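Notes follow the structure.
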Amino acid sequence: MPIEQSIGGKPAPAKPSERPLLRSLWRGFRLRCPNCGEGAMFGAYLKVNNACPHCGEELHHHRADDAPPYFTILIVGHLIVAGVMMVEDYFHPDYWVHILMWFPLTIGLSLWLLPRIKGALVGLQWALRMHGFAGPDAFDPANPPPDPGAG
Ligand SMILES: [Zn+2]
């Protein structure tokens with residue numbers, strides 16, 4: 001007996017809207033709203049808009065905290081250190097060449113990557129319905145509804 005019939009023939013409840021993980025990550029990385037992919041996620045360099053200017057999806061629920069700089073340092077550090085070691089190994093340039101090359105590259109790559117990683121993390125939280133991204137009726141353990149019996 002199919003499971004639909006075992007609950008009295010009622011139609012299955014409507015599925016919540018789809019939130020594909022990779023699409024949400026990619027849209028966030030492109031600094032776009034994870035819901036529509038059109039509206040800008042950021043109102044300033046790292047300031048996430050309260051809501052998408054295109055579709056109105058609420059974005060203020062994000063809690064990226066210190067994860068974006070953590071991943072930025074992790075990625076940029078591995079790229080730059082590997083680059084320094086390879087260039088030193090193959091070309092043996094003077095130290096001033098290293099300084100002129102790697103300082104601007106480190107700073108530039110970090111500044112370019114930081115908002116993109118933050119956007120991807122906001123997209124991840126949105127796709128996984130973390131924090132308030134699940135909607136007003138979902139239970140959020142970090143912000144439980146008031147207990148009517150208390151007080
Ligand atoms: Zn949007």
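Just follow the structure's listing: the first ligand is 1, and inside any ligand the first atom is 1. What you see is a predicted model; the values in this text were computed from it and never measured.
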E38 vs R32, test: side-chain contact (heavy atoms from CB on, under 4.5 Å). Steps then yes/no. CA-CA 6 Å; E38 294 294 327; R32 297 287 155 207; 5.8 Å; no
All heavy atoms of Y45 vs all of P115, minimum pair found to be OH-CD, 3.4 Å
Nearest heavy atoms of N49 and L59, plus distance in Å: O-CB, 3.3 Å
Q125 side chain to R63 backbone, donor-acceptor under 3.5 Å: yes
Mark yes or no for whether R116, through its side chain, and L31, through its backbone, hold a donor-acceptor pair below 3.5 Å. no
Protein N/O/S atoms under 2.8 Å from the Zn ion (ligand 1): how many? 4
Could you list the cluster mates of L100? Members are the ILVMFWY residues connected by side-chain heavy atoms closer than 4.5 Å, either directly or through other members. W96, V97
